S.K.: 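Sending over a structure as C-alpha cells; questions will come in a sec.
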2 protein chains.
Amino acid sequence: MNDKTFTEEGGRVTNIKDVARYANVSVTTVSRVLNGHPYVKAEKRNAVMEAVQALNYHQNSNAINLSKGRTMLLGVVVPFINHPYFSQLLHGISIKALEEGYTLVLFQTSYDRDKELEALEMLKHKQIDGVIITSRALPYEQVRSYTAYGAIVLCEDSEGGEMSTVSIDHYESFLAGMNYLIEKGHRRIGYCIARPSSPNSMLRLEAYETALQSINEPINANWAFVQCLTMEDGERVVHQYKHLRQKPSAFLVASDQVAAGIWMECKKQGIRVPQDLAILGLDNHPIARALGLSTIDLPIDQVGRELVVRAIDTSSIQKKKYGFTIVERGSV
Amino acid sequence: MNDKTFTEEGGRVTNIKDVARYANVSVTTVSRVLNGHPYVKAEKRNAVMEAVQALNYHQNSNAINLSKGRTMLLGVVVPFINHPYFSQLLHGISIKALEEGYTLVLFQTSYDRDKELEALEMLKHKQIDGVIITSRALPYEQVRSYTAYGAIVLCEDSEGGEMSTVSIDHYESFLAGMNYLIEKGHRRIGYCIARPSSPNSMLRLEAYETALQSINEPINANWAFVQCLTMEDGERVVHQYKHLRQKPSAFLVASDQVAAGIWMECKKQGIRVPQDLAILGLDNHPIARALGLSTIDLPIDQVGRELVVRAIDTSSIQKKKYGFTIVERGSV
DNA sequence: ATATTTTATGAAACGCGTTTCAGAGCAAGG
DNA sequence: CCTTGCTCTGAAACGCGTTTCATAAAATAT
C-alpha cells in the first residue's frame, strides 16, 4: 500500500482503521499496541506508533466505552455545590477524577431524594460506573439496594460492609472539640449542626452527650442549634442566643461558615469572643483563618481524592477514616 | 448467548433488541418511537412503549453517542474550583447542564496554559462537544483557532464574531462602581483586581481611568493592587495600604472575597470603614452580606446557565452581556 | 383507472473500538 | 522426529443504537 490511499482526513477524525492501513497491520494489532498487550513484534509496534503520530490519532472514547461496557463517568451526589465544604470536597474529587481519566456527573440534590435516586438509577442502567454520595437524604437501606449495579461510596462513618466509606472521624473530632472546650474551662457548651438526622450529626450528637456526661453536665435543649449551614444561620444563632436566660459560654459549631456568621454577629452585638462566648468551628475554611477563629482542621481534599479511589477500585470494599487537627486561634 | 426467550435480564441490561423482540417490531421502529420520528402506527408505537415499560429499558448513551458522533460532554475550563466566584458560576453551569442532559468535564487549570489546551485538544478530537472557558490564560487567537472543532464559549467581553460570549458588562459595572464612590465624595480611589492582563481586568482598568479622568484626578500607581483573589490578598492590601504616604479614601475591589479580607484587616488594624477607608466590593457573595459590605451584585447564576445554552446551541454565535446592581450596605 | 405521493416498516450498513477465535511460525521437550 | 507450548497476527463477532435504503401499502392526485 502506498500513501496515495490516505486522503488526508476528509473532515473526518482519523480512526483506528486509518491507523491500521497506514501502518500496514490489522486493526487488532493497532488495538493491541494501544492497549499495551503483549505479543506484538517490535517492528509492527513501532509502525503503529509512527502511524498514530503521523495521523495524530486519538481514540474515540465513546467506542471504547461502548466496547468495554463502561462509561468512565462517576456520579457525584452533592447537596449544594457552592457551599465551601462541598466545593472543597468537590475540588479534591475533581482533581483525582481527572487524574484517573474519569469524568464527573454532578447531581446537585438540595437533599431532594428523587435527585439522589436519579444518580442511583443511572448507576443501575450502567450510565455511570460509580456513585459518590457526599451526603445523603435517602435511607441507608435504599442506597444499599443499588450496590449490585456498581460501586457506591459514602462519605460517612456508617457500619456495614456493603459499601466503601471514606470519612472524617466525626465522633472523635467532635469529642475532641468538646474536650478542648472543657479543658479551656467551659462547662456550659452549646452546639450547631446541620441536619440533625444525618449520620454525621448523629455521631456528633453522641460525642456531645458523652462529653457532657463525663463532666456531669446536664444537656440543655435550648443550646442545640440545627439546620446550620451558612453564615446567615450563624447570625440567626446569635439572635436566639441573646434571648436565652441561661446562656452557654461556648459553642461547638460544625461548620466554619456558621462559626463565621456567629463571630460576626457577636462583633455587631458587642458580644466579646471568646470572653463572653467562645467559638470552636469545624473545617478550617479560609474564612476561619481570616477571622482568627479556632477550628478543627479536616483533610477534606484527601477525603475527596480517596472517595474517587474507592469508587474506581471495585475489587474490594474499604472503610477509610481520616483524622483531624485542632487549630488554635483566638476564638476560644 | 442463549437469550432466545425473555430471561428476565441475565445480569445483562436490556437493550433495544430485547424491546424490539418483545414488542414484535424491528429495532428501527423502536428507535423511531424512542426518538419521536413520524410514520409509526399508533398500534406499534404503543407496543413499543409498553415493552419499554415492561422491560424497564433505558438507552445506552454510549451507543447513542457513538452513533450520533457526539459525546454530550461539555468541557468547563475554570482556574479554581473552590473560589466562591467560580464555584458559584459552576453552580449555574451545572444546573443548566444537567437540565439539558449534558455532563461536565471539569478542567481546573490554575491558569496553566497546557491544561487549557487539553480542553481544546479534547474538543478537536471530538471527545467533548463544546468548551466553556470561564477565564483563560491562552491568547485569544490561539483559542479562536479551535473554533472549527466545536462550540467555544467565553465568559468575557471580547470582540470578534467567532465565539459566543456571555459576560457581565465589566466596563460599565466598574465605571458605575467608580461613579458611585465619586458621588459619595471620594476622589482618591484605589482598586484591586485579579490578573492585570486578563480581558476583564483590562476593561476595568479602562473604566477606572475614564472615571478618574472625568473628575480630573491623576492616576496613582501605588493605589493599584493586582493578583487579588482571596481574603488573604485583601489582608495584604491593607498592610501595603498602611505604608502608603498618600492614602486612597476608597477602594473599588473586584471581588468580595478580597473586600472581606480588607474589611477584616481594617477592623484588626483599627482602620474605620467607611470613615477612614470606604470599600466597594464586587460579586455580592454571602460574605459581603454578612459583613455589611457594599458591593456590586452580578447575576452569576444566570451567566452560568447562559454559558451552557451558548455551548449547546451551535446554530449561531451570540454575545450576551448582563447587567449589575449596586448593593448599598455600610462600607461606603 | 392510473400515476404520484405519503405513510409505514424492516434489513442492513454504520459509528469505532475490543475481544474472541483460529491459524501460522517457531522454539523447547521428549 | 514429533509433541507441546509460546509468540504473533488478522478476520470476524460484538457492544448498541441511528440512519440509509429498499419496499410495500395506503392515500391522493390526475
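None of the values given here were measured: they were computed from a predicted structure. Quick note on labels: first sequence line is chain A, next is B, and so on, each numbered from 1.
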S.K.: Go through residues 57-66 of chain A and report each residue with a non-hydrogen atom lying under 4.0 Å from DNA chain D, sorted by number.
M.R.: A:Ala63, A:Leu66

S.K.: Looking at every heavy atom in both A:Thr109 and A:Pro79, which two are closest together, and how far apart are they?
M.R.: OG1-CA, 3.4 Å

S.K.: Just how large is the angle between the end axes of the helix from C:dA1-D:dT30 to C:dG30-D:dC1, five pairs per end, to 10 degrees?
M.R.: 40°

S.K.: Walk along DNA chain C from 5' to 3' and tell me the first and last nucleotide with an atom closer than 4.0 Å to a non-hydrogen atom of chain B.
M.R.: C:dT7 to C:dC16

S.K.: Taking atom types as modelled, is there a side-chain donor on A:Asn200 or A:Ser198 under 3.5 Å from an acceptor on the other?
M.R.: no

S.K.: For the pair made of OH in A:Tyr39 and C1' in D:dG10, what is the distance, rounded to whole Å?
M.R.: 17 Å

S.K.: Could you check whether A:Lys17 gets within reach of a base, just the sugar-phosphate, or nothing at all, counting any heavy atom under 4.0 Å?
M.R.: nothing

S.K.: Heavy atoms under 4.0 Å, any strand shown: does A:Ser31 hit a base, just sugar-phosphate, or nothing?
M.R.: base

S.K.: Just by distance, with hydrogens left out, do B:Thr28 and B:Ser31 show a side-chain donor and acceptor under 3.5 Å apart?
M.R.: no

S.K.: Does either side chain, that of A:Asp112 or that of A:Ser110, offer a donor lying less than 3.5 Å from an acceptor on the other one?
M.R.: no

S.K.: Is it the case that the side chains of B:Asn65 and B:Thr71 hold a donor-acceptor pair, with the cut-off being a distance below 3.5 Å and no angle test?
M.R.: no

S.K.: For the pair B:Phe80 and B:Tyr85, evaluate ring pair (Phe, Tyr, Trp, His ring centres under 6.0 Å) and give the outcome as yes or no after the intermediate values.
M.R.: CA-CA 9 Å; B:Phe80 318 105; B:Tyr85 170 80; over 10 Å; no

S.K.: For DNA chain D, whose closest nucleotide is more 5', that of B:Ser67 or that of A:Ser26?
M.R.: A:Ser26

S.K.: Identify whether any heavy atom of A:Val30 sits under 4.0 Å from a base atom; if not, whether one sits that close to sugar-phosphate; answer base, sugar-phosphate or nothing.
M.R.: nothing

S.K.: Assess the side chains of B:Tyr140 and B:Glu156: does a donor N or O sit below 3.5 Å from an acceptor N or O?
M.R.: no

S.K.: Can you find a side-chain donor-acceptor pair between B:His91 and A:Gln108 that sits under 3.5 Å?
M.R.: yes

S.K.: Looking only at side chains, do B:Thr14 and B:Tyr22 share a donor and an acceptor under 3.5 Å apart?
M.R.: no

S.K.: Contact class for B:Thr28 (heavy atom, under 4.0 Å): base, sugar-phosphate, or nothing?
M.R.: base

S.K.: Hey, which sits more toward the 5' end of DNA chain D by its nearest nucleotide, B:Ile16 or A:Arg32?
M.R.: A:Arg32

S.K.: Name the one of B:Ile300, B:Val303, B:Thr165 that satisfies side-chain contact (heavy atoms from CB on, under 4.5 Å) with B:Cys155?
M.R.: B:Val303

S.K.: Atom CG of A:Asn24 to atom C1' of D:dT9: distance rounded to whole Å?
M.R.: 13 Å

S.K.: Is the shortest side-chain heavy-atom distance between B:Val25 and B:Val48 below 4.5 Å?
M.R.: yes

